[in-house]
Every structure is written in C-alpha cells, then in structure tokens.
There are 2 protein chains.
Amino acid sequence: MARNSPAPRSAKSRAGIRPLPGRARSENGNAHSDLMNGEIGLDALAGHAGYAVRRFQIWVFQDFIRTLGAVDIRPTQYSVMTVIGANPGLSQMAVAKRLGIERARLVHLLDSLEQRDLVSRVKSAADRRSHALHLTARGRTALAQFKRLAAEHERHVAEKLGKENRKKLLQILSDFT
Amino acid sequence: MARNSPAPRSAKSRAGIRPLPGRARSENGNAHSDLMNGEIGLDALAGHAGYAVRRFQIWVFQDFIRTLGAVDIRPTQYSVMTVIGANPGLSQMAVAKRLGIERARLVHLLDSLEQRDLVSRVKSAADRRSHALHLTARGRTALAQFKRLAAEHERHVAEKLGKENRKKLLQILSDFT
DNA sequence: AACAATTGTTGTCGTCAACAACAATCTTCC
DNA sequence: GGAAGATTGTTGTTGACGACAACAATTGTT
C-alpha cells in the first residue's frame, strides 16, 4: 500500500490522506450538463458495499501505517505477530489459514520479522516439515508497544466513524474475522 | 536455503525424539492441543475494524470478480465506466480524483477499456491538454449488462450480511464514497 | 513574454493475491 | 514394510494496485 521501506526517506510529510470531497469542478466538457456545479455522481456505485469498503479500507490502512510508522509495522505484520503471540507454536500453515493469507506470502513476512528478531521459527520435532512459530523476547515487548499504537489507531477509526458506528461495523463483519 | 542443501538427509534417526506428551499447550504437532478444534485466537485483532474490513473486502471483490467473470470486468474498471457513464465528458483528472485512484493508474485502465471499445478519449477543444471521456455506443449497452451482473453480486453481499446489515454498512461508510 | 501550475503519460518500486512447481517430510493404504 | 498420495515450507511468476518522480504539452498568471 504505502512506501515504507526503512531505508528511503520516510514518507513523513506525505500526509497521505486522500482527497475525499474532490472538488472536481471544471470538467472539461463544454458548457453542458449538470456537472458544472462540481458534483460528480457515482450513480450505481453509491449502492455498492464493495466500493464503500474499498475506500474505507484504504483510509484505515493508511492511518494504521502512519500511526505505526515509528515502529515500521504494517497491518499484515501486526496481524501475524498478534496471532503468534496469542498462539505460540503455531505452524506457518496454521497462521496462514487463520489470517487468510497465502503460505507463500507468509514466508517473506516471517523472513522479515525473523530478521528483526521479533519472531523465531523453531523446527518442530513432532512434524519435521513444519516450523513452530514463537515471538522472541524482543518480539513480546515490541508487540506490547505495537498494541498500544494500534489502539491509538483504532481510536482514530472511532473518531472517524463514531463510536457506535464502529461497534456496529465490527458486529456486522464479525463473520469475516 | 533449506531447499538445495543435499546433506541433511538421513542422520536424523527419528527414534528418540518424540513430542513431549506432557504438553497440553499449543504445539505444532498434530496430535493434540487446543488447535485441533480449529480454535486459533485472534487476540487484539478481533477488535480492529481494519482487519474485519480487509477480510470482508477480499470476499466482496472475489465475489464481484467471479460474478462479472463472464464479461471480464474488475471492480475498478466497473467503477470507472460507471462514473463516466453518469458524467460524460469528464477529464481523466476528474475521474481519478473522484474515484481516489492515481491518474497514472487511470491511464492504463482507460487504455484497456478503450482497446475494448467501451470508452473513448475525445480531445477536448476547451482544454487541449485533457481528454473528455465518453462511453462508446458499445460501452453503453455493455455497462447496462455490467450493472445487472453487479446487482446480482450485490445480492450476494446482502445474502451474506443480511439485508439490514448491508444497508447499515453502506450508511456507516457513506462518508467514504 | 516569462514563469508557475495542470494534464496526460511513462516508468519505477513495493505490496499483495493467486498459482505452479519443487524437496522434504508425513500419512495412508495395500 | 513400502509405494502412493497428501502436507509443509519454499521459490518463482503473473497481474492488479498504490505511491512517486519526471517529462512534454498546454494553460494561467503576472
């Protein structure tokens, strides 16, 4: 989603907020039509849950990335660490299934987290094909901080949606978690 | 790495090593524990709107892509055509802003749609930098069909969420459309 | 006329989902 | 007990996508 490689200059001042109201006044067509007032209709799009959700998700992720920018943790990395932290010893397959990400993708995610000494792959004695995933000591203390920042992010969401709306949203989508 | 190392072959007499029977904790092994029943806790993740939304969005998009698979139209393409259909003559900049996509990205999207004779770029006489976007005749009839299929997709969403929940969801996220 | 801003375009980079293939290692079944 | 099939982690590829940067053409602004 966003540039967040640690090396290049941080996308700090970026203020990656997207232009919601989009005062897209002057459409180039000539004098005709009802668009002149700057209102660009969405037509059928307005009734599509998928569209609204896409826009919302972009906003949420950008806020998450920005709020956890200081610790350089992205949403997926956070989800992986959270699940491992709550269920130490899980295999990569189990984590991938639970989070709905491809095991192929998880490989790179874990490579990164392991390099940062946040997660460790322990060869399982029971099934030598698989790895038992654990947080390192450093990973545990780090996760605690991540959770505090993530809670702050979640407060931003609550501000944006309203407390009750956020709650209702979580309830409506609870089947997908 | 582990892939090509030919050495680690035999040696490992699987005789003595066994998975510590006393352990009732979450272990990678398949033999036991709380994972067997599929119960993998999400911990803090369960309270994050972003996580729920991400999972939901994946589901919705997959259903959309599948439902409109016969006509080979993806969500973003549909959104572009819908907006152009409802506001003929818009510039690329205006469409990009309204839909929250990069104008650089829109170039490719329009290239594709133009190649399929669904959209046409008309050089604007008013501002010769910009293009006025229109649906072709073919594009208009095609969009009508796309909308029917999209409506079917939306019914799938309603089935999944419940009619009322879908409505509430659209209302909660209305600021983002 | 000179200079700043906008529009479409091209290109690069990184994220991400979906596959396919593979070696190592279980599991199953005869 | 061993062959056949399934699973796990891994590597690689493809394509959609968001964020940026640079550029030519064209306004607009002064």
Side-chain angles (χ1 to χ4, degrees), chain A residues 1-11 13-18 24-28 54-55 57-59 61-62 65 74-77 79 90-97 99-112 114 121 123-133, chain B residues 1-12 14 19 28-31 54-55 57-59 61-62 64-66 72-77 79 90-97 99-112 114 121 123-133:
Chain A
M1 248 119 231
R3 248 7 5 79
N4 85 337
S5 359
R9 59 218 110 287
S10 62
S13 56
R14 192 62 276 107
I17 317 296
R18 61 120 196 10
R25 28 122 235 73
S26 76
E27 102 291 358
N28 66 20
R54 166 178 164 265
R55 299 296 298 261
Q57 205 222 306
I58 291 174
W59 184 90
F61 269 50
Q62 282 181 347
I65 292 169
R74 315 191 76 262
T76 312
Q77 296 176 312
S79 70
L90 283 185
S91 69
Q92 298 187 189
M93 193 63 210
V95 171
K97 252 193 193 135
L99 291 177
I101 60 189
E102 294 245 345
R103 61 190 205 278
R105 165 123 190 75
L106 189 56
V107 171
H108 302 299
L109 285 168
L110 289 174
D111 284 350
S112 157
E114 204 172 27
R121 287 188 249 225
K123 289 205 287 195
S124 168
D127 184 341
R128 308 209 347 258
R129 292 171 302 180
S130 67
H131 295 155
L133 301 175
Chain B
M1 295 339 178
R3 189 71 294 93
N4 42 15
S5 38
R9 189 57 198 79
S10 55
K12 258 14 179 337
R14 51 185 317 280
N28 178 341
N30 24 3
R54 166 179 165 265
R55 298 297 298 263
Q57 206 223 309
I58 291 174
W59 184 89
F61 270 51
Q62 281 180 347
F64 187 100
I65 292 169
R66 188 152 30 86
D72 191 27
I73 286 290
R74 316 195 84 257
T76 311
Q77 297 175 310
S79 71
L90 283 184
S91 70
Q92 298 186 190
M93 194 63 210
V95 170
K97 250 187 192 145
L99 292 177
I101 59 189
E102 295 245 344
R103 61 189 203 281
R105 165 121 192 76
L106 189 58
V107 172
H108 301 299
L109 285 168
L110 289 174
D111 284 350
S112 157
E114 205 171 26
R121 287 187 250 226
K123 288 206 286 196
S124 166
D127 184 341
R128 307 211 347 257
R129 292 170 301 181
S130 66
H131 294 156
L133 302 175

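Lettering of chains follows the sequences in order, A, B, ..., and the numbering in each one begins at 1.
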Open item on the list: If the cut-off is 4.0 Å, is A:R121 near the phosphate of D:dT10, judged by side-chain N/O to OP1 or OP2?
Closed with: yes

Open item on the list: So, under a plain 3.5 Å distance rule, would you say the side chain of B:R103 forms a donor-acceptor pair with the base of C:dG8?
Closed with: yes

Task: Between D:dA19 (C1') and B:I101 (CD1): distance, integer Å - done: 14 Å

- [ ] Check whether any side-chain heavy atom of A:L106 lies under 4.5 Å from a side-chain heavy atom of A:L99, and answer yes or no.
- [x] no

- [ ] Looking only at side-chain atoms of A:H131, point me to the closest of D:dT8, C:dG8, D:dT10.
- [x] D:dT10

- [ ] Please examine the side chains of B:Q92 and B:R103, heavy atoms only from C-beta on, and report whether any two atoms are closer than 4.5 Å.
- [x] no

- [ ] Would you mind reading off the distance between A:R105 atom CZ and D:dG12 atom P, rounded to a whole angstrom?
- [x] 16 Å

Open item on the list: If you assign each of B:R54 and B:A104 to its closest nucleotide in DNA chain C, which residue comes earlier from the 5' end?
Closed with: B:A104

- [ ] State, to 0.1 Å, how close A:E102 and A:A96 come at their nearest heavy-atom pair, and which atoms those are.
- [x] C-CB, 4.2 Å

Open item on the list: I need the NE2-P distance between A:H108 and D:dT11, as an integer number of Å.
Closed with: 7 Å

Open item on the list: Nearest to the side chain of B:M93, heavy atoms from C-beta on, is which of D:dG18, D:dT8, C:dG8?
Closed with: C:dG8

TODO: Report yes if a donor N or O on one partner sits less than 3.5 Å from an acceptor N or O on the other, where the partners are the side chain of A:R129 and the base of D:dT7; otherwise report no.
DONE: yes

Open item on the list: If I compare all heavy atoms of A:R54 with all of B:F61, which pair ends up nearest, and what's the gap?
Closed with: CD-CZ, 3.7 Å

TODO: Would you mind telling me which of D:dA16, C:dT10, C:dC26 lies closest to the side-chain atoms of B:V107?
DONE: C:dT10

- [ ] Would you name the heavy atoms of A:S79 and A:T76 that are closest together and state the gap between them?
- [x] OG-O, 2.7 Å

Task: For atom CG of B:L109 and atom P of C:dT9, their distance in whole Å - done: 12 Å

TODO: Please check the phosphate of D:dT10 (OP1 and OP2 only) for any side-chain N or O of A:Q92 closer than 4.0 Å.
DONE: yes

Task: Whole-Å distance separating the CD atom of A:Q62 from the P atom of C:dT15 - done: 15 Å

Open item on the list: Output the rounded distance in Å from CG (B:L110) to P (C:dT7).
Closed with: 15 Å

Task: B:E102 vs B:T76, nearer the 5' end of DNA chain D by closest nucleotide - done: B:T76

TODO: Ignoring backbone atoms, establish whether B:R74 has a side-chain N or O less than 4.0 Å from OP1 or OP2 of D:dC17.
DONE: yes

Task: Length of the line joining B:K123:NZ and C:dT7:P, which is rounded to integer Å - done: 18 Å

TODO: In whole angstrom, give the distance that lies between atom CZ of A:R55 and atom C1' of D:dC17.
DONE: 14 Å

Open item on the list: Under 4.0 Å, counting only non-hydrogen atoms across every strand here, what does B:I58 touch: a base, just sugar-phosphate, or nothing?
Closed with: sugar-phosphate

- [ ] Please determine if a side-chain N or O atom of B:R128 lies less than 4.0 Å away from the OP1 or OP2 oxygen of D:dT27.
- [x] yes

